[in-house]
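As structure tokens, the structure follows; a few thoughts come after it.
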There are 2 protein chains.
Amino acid sequence: MAIRKPTITDVARTAGVSKGLVSFALNDKPGVSPETRKRILEVAGDLGWRPSLSARSLSTRTSFALGLVIRRKAEVISADPFFPAFIAGVESALTEEGRALVLSVVPDAEAELRTYRTLAGDNRVDGVFLTDLRENDERFAVLADLGLPAVALGHPTGRDDMPFVQVDDTHGIASAVEHLVSLGHSRIAHVAGDPMMMHGGRRRSSFDEAMREAGLDPSLVIDTDFSASNGADATKRLLDNSHPPTAIVYANDPMAIAGLGVAQQRGLRVPADLSITGFDGTDISGYVFPALTTITSDPVEWGMVAARTLLELIGSGSAESVELPPASLLIRASTGPAPSDSGHHAAHR
Amino acid sequence: MAIRKPTITDVARTAGVSKGLVSFALNDKPGVSPETRKRILEVAGDLGWRPSLSARSLSTRTSFALGLVIRRKAEVISADPFFPAFIAGVESALTEEGRALVLSVVPDAEAELRTYRTLAGDNRVDGVFLTDLRENDERFAVLADLGLPAVALGHPTGRDDMPFVQVDDTHGIASAVEHLVSLGHSRIAHVAGDPMMMHGGRRRSSFDEAMREAGLDPSLVIDTDFSASNGADATKRLLDNSHPPTAIVYANDPMAIAGLGVAQQRGLRVPADLSITGFDGTDISGYVFPALTTITSDPVEWGMVAARTLLELIGSGSAESVELPPASLLIRASTGPAPSDSGHHAAHR
DNA sequence: GGTTCAAGCTATACCGGTTTAGGTGTTGGG
DNA sequence: CCCAACACCTAAACCGGTATAGCTTGAACC
């Protein structure tokens with residue numbers, strides 16, 4: 001029953017030409033007369049021929065796949081709503097191209113580098129996305145060494161040899177701070193992300209800048225690993241402060257939700273006693289109570305554009321970096337006027 | 001600078017043997033004397049030779065990759081905490097094997113089937129995971145037709161030709177119901193998942209069964225698509241009821257969190273007025289207020305075992321199905337004694 | 001009318017492995 | 001002493017494409 005998949009030789013024989021010519025016709029190369037090309041493509045269609053991926057890979061040294069290496073501990077991976085959406089965006093750009101996405105989830109830096117080496121050495125992918133950029137990121141050197149095309153997610157500071165696709169998140173943080181300031185808050189804290197990750201660091205420094213611009217003290221900052229657990233701990237520490245903040249800007253939604261939980265557990269009313277902002281605009285953030293004021297970007301779009309950029313880079317050897325629309329503040333119910341008494345929560349205005 | 005990667009021919013020449021013999025030595029085939037085998041492997045090591053994946057793929061028709069096709073609309077994908085964790089588990093079993101994971105996210109059924117066909121036709125993967133089993137699932141026929149080995153996640157009812165890896169979640173739902181009953185609840189509702197998905201349907205029918213066993217009315221069920229938005233809507237409908245439930249069992253955590261938000265927005269106290277249980281034991285569920293009583297499984301373990309089973313199936317042509325430890329109830333703060341008045345929270349009987 | 005040239009096409013090497021048929025050399029049995 | 005059997009190894013075909021060198025053919029040109 002299992003009839004063999006037709007090969008290029010079958011097509012060539014049926015069309016009465018050499019297999020080289022079939023290859024030319026398939027790849028739109030010159031040297032084939034229009035009629036012959038048409039006939040070959042017809043025959044190919046009739047036979048249901050699809051060129052073998054392995055054979056093409058072997059002779060062209062191309063895998064027709066892109067790689068995404070995510071470095072997250074298994075316990076934490078689910079907390080990050082970014083990747084599934086990003087991947088969905090990547091896919092939407094890939095399927096039309098007949099390319100596939102090879103995904104790796106690795107626990108630590110060593111495995112991460114080894115994975116890039118294996119992907120490149122096995123010629124498993126034609127290019128990779130570089131996520132979670134870090135300061136002094138070793139991966140730039142390794143990728144350059146491997147000659148593996150890559151597109152960075154976010155702007156790799158101090159490098160202009162790699163195209164990137166960036167969402168300006170500084171603007172979002174700044175507008176959150178401005179929003180809170182306009183509501184009368186002056187003690188505003190920031191539960192930051194991992195300072196070793198560029199986007200964590202960038203959000204932090206834009207918080208810093210926005211606070212200074214408003215003439216406020218930007219020193220109430222706690223670093224985290226972006227996990228809900230860290231977000232809860234940071235919130236406790238901030239609220240234990242003798243002079244606690246009236247507003248907290250979180251570097252992502254899960255931490256903000258965890259912070260909200262901590263505040264509520266302590267009997268604080270949000271936003272009457274404490275205002276809270278998240279980051280990412282995850283689905284769930286609109287359904288907690290009170291609905292989270294958050295900073296939304298569009299990770300699906302991000303993935304789509306990043307994929308297109310990477311394909312462009314692989315195809316033509318270079319690609320323009322892209323700056324996506326900045327993350328914008330989505331004001332919902334978790335932010336409100338600062339308590340008139342900027343001190344503890346029992347007060348009224 | 002870019003020195004060519006050594007090929008099997010280089011190894012053969014350096015070791016002074018034919019390349020066929022190198023292949024034998026590499027693959028532990030008989031017909032190579034122990035000393036020669038040792039020498040060949042030494043030379044291979046010295047040269048840093050790694051057999052070309054494309055070449056092997058071409059001659060063995062093996063891709064050394066597994067496929068995972070996820071059918072989710074882009075808007076919803078982030079809401080599901082299952083996949084990232086599952087994938088992390090799969091990866092942990094794959095890396096040791098030098099295999100890769102090819103991931104596809106597709107929006108609808110048509111694209112889903114097309115993707116399986118492409119993966120098989122391109123010989124892109126050696127086998128696939130079958131997730132989100134549905135009633136009358138067309139994929140079984142397609143996969144059989146394609147001859148693509150597959151492992152099902154969850155027990156495909158009425159099929160014994162495909163190995164599966166299952167977590168008994170009926171037990172979890174049942175214990176949630178029992179827990180609520182023991183707290184004195186009698187009007188218990190279920191915000192179910194997609195009834196077309198087997199795990200949605202199964203959770204629903206085990207809810208049904210557990211309720212009947214307790215002598216309670218199991219008719220308070222609302223179907224959803226597992227999204228937070230659906231969870232919120234379902235909760236509103238349930239609470240708008242003239243005789244609303246005192247406890248709601250949700251089919252996943254995001255919906256439970258959304259339901260919690262709705263309840264709080266209406267001024268209901270959880271768990272004093274309304275008890276809530278989730279499903280999945282996501283990270284964030286422990287940090288909302290009140291912390292969610294939920295049913296935990298171990299998706300990372302699930303992924304690991306599923307990957308091993310699929311590898312076994314591909315390698316030996318058959319594999320034993322695996323039953324993982326049942327999902328278990330994690331009692332936290334969102335469940336409590338039923339209000340003495342079983343009617344509306346302001347009312348008296 | 002012969003040469004030049006380009007278009008269109010074929011033949012074949014090649015990518016880097018696996019696999020099969022066959023060839024050697026040594027040993028052991030009759 | 002001859003042949004069979006076996007262990008070890010080589011040569012070459014093969015997987016299914018791509019790429020290159022070279023062959024035909026006909027038209028253009030002088």
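Chain letters run A, B, ... following the sequence lines, proteins first and then strands; every chain starts at 1.
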Apply side chain to side chain contact (heavy atoms under 4.5 Å, CB included) to A:D132 and A:F82, showing your working.
CA-CA 11 Å; A:D132 295 334; A:F82 174 76; over 6 Å; no
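For the pair B:L53 CG and C:dG17 C1', the computed distance is 11 Å after rounding to whole Å. The nearest whole Å value for the distance from the CG atom in B:L21 to the C1' atom in D:dA11 is 12 Å. Between B:R39 atom CZ and D:dC9 atom C1' there is a gap of 11 Å when expressed in whole angstrom units. Rounding to whole angstrom units, CG of residue B:L26 and P of D:dC9 are separated by 16 Å. Following rounding to the nearest Å, B:D10 (CG) and C:dG17 (C1') show an atom-to-atom distance of 13 Å. Atoms NZ (A:K29) and P (C:dC9) sit 16 Å apart, rounded to a whole Å. For A:D122 and C:dG17, the CG to P distance is 11 Å, given to the nearest whole Å. Summarising the geometry, the separation between CG on A:N27 and C1' on D:dA19 is reported as 11 Å, rounded to the nearest angstrom.
Distances from the side chain of A:P34 to the nucleotides C:dC9, D:dC9, C:dG8 place C:dG8 closest.
Side-chain N/O atoms of A:T36 include one lying less than 4.0 angstrom from OP1 or OP2 on C:dC9.
Electrostatic pairing of B:D126 and B:R99 counts as a salt bridge here, judged by a charged N lying under 4.0 Å from a carboxylate O. Contact check on A:R71 versus A:E138 returns no salt bridge, with no Lys/Arg side-chain nitrogen under 4.0 Å from an Asp/Glu carboxylate oxygen. A salt bridge links B:K38 with B:E42; the closest basic N to acidic carboxylate O contact falls under 4.0 Å.
Judged by a 6.0 Å distance limit and a 45° cone about the ring axis, B:R139 is not positioned over the six-membered ring of B:Y116.
Where A:V22 and B:S18 each meet DNA chain D at their nearest nucleotide, the meeting point lying more 5' is that of B:S18.
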Pairs: protein N or O with nucleotides 14-16 of chain C N or O, under 3.5 Å:
| unit_1 | atom_1 | unit_2 | atom_2 | d |
| --- | --- | --- | --- | --- |
| C:dC15 | O3' | A:R61 | NH2 | 2.9 |
| C:dG16 | OP1 | A:R61 | NH2 | 2.6 |

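The side chain to side chain contact (heavy atoms under 4.5 Å, CB included) with A:F83 is formed by just one residue from the set A:L103, A:T131, A:V105; it is A:T131.
Closest approach of A:P149 and A:L313 over heavy atoms only: CB-CD2, 3.8 Å.
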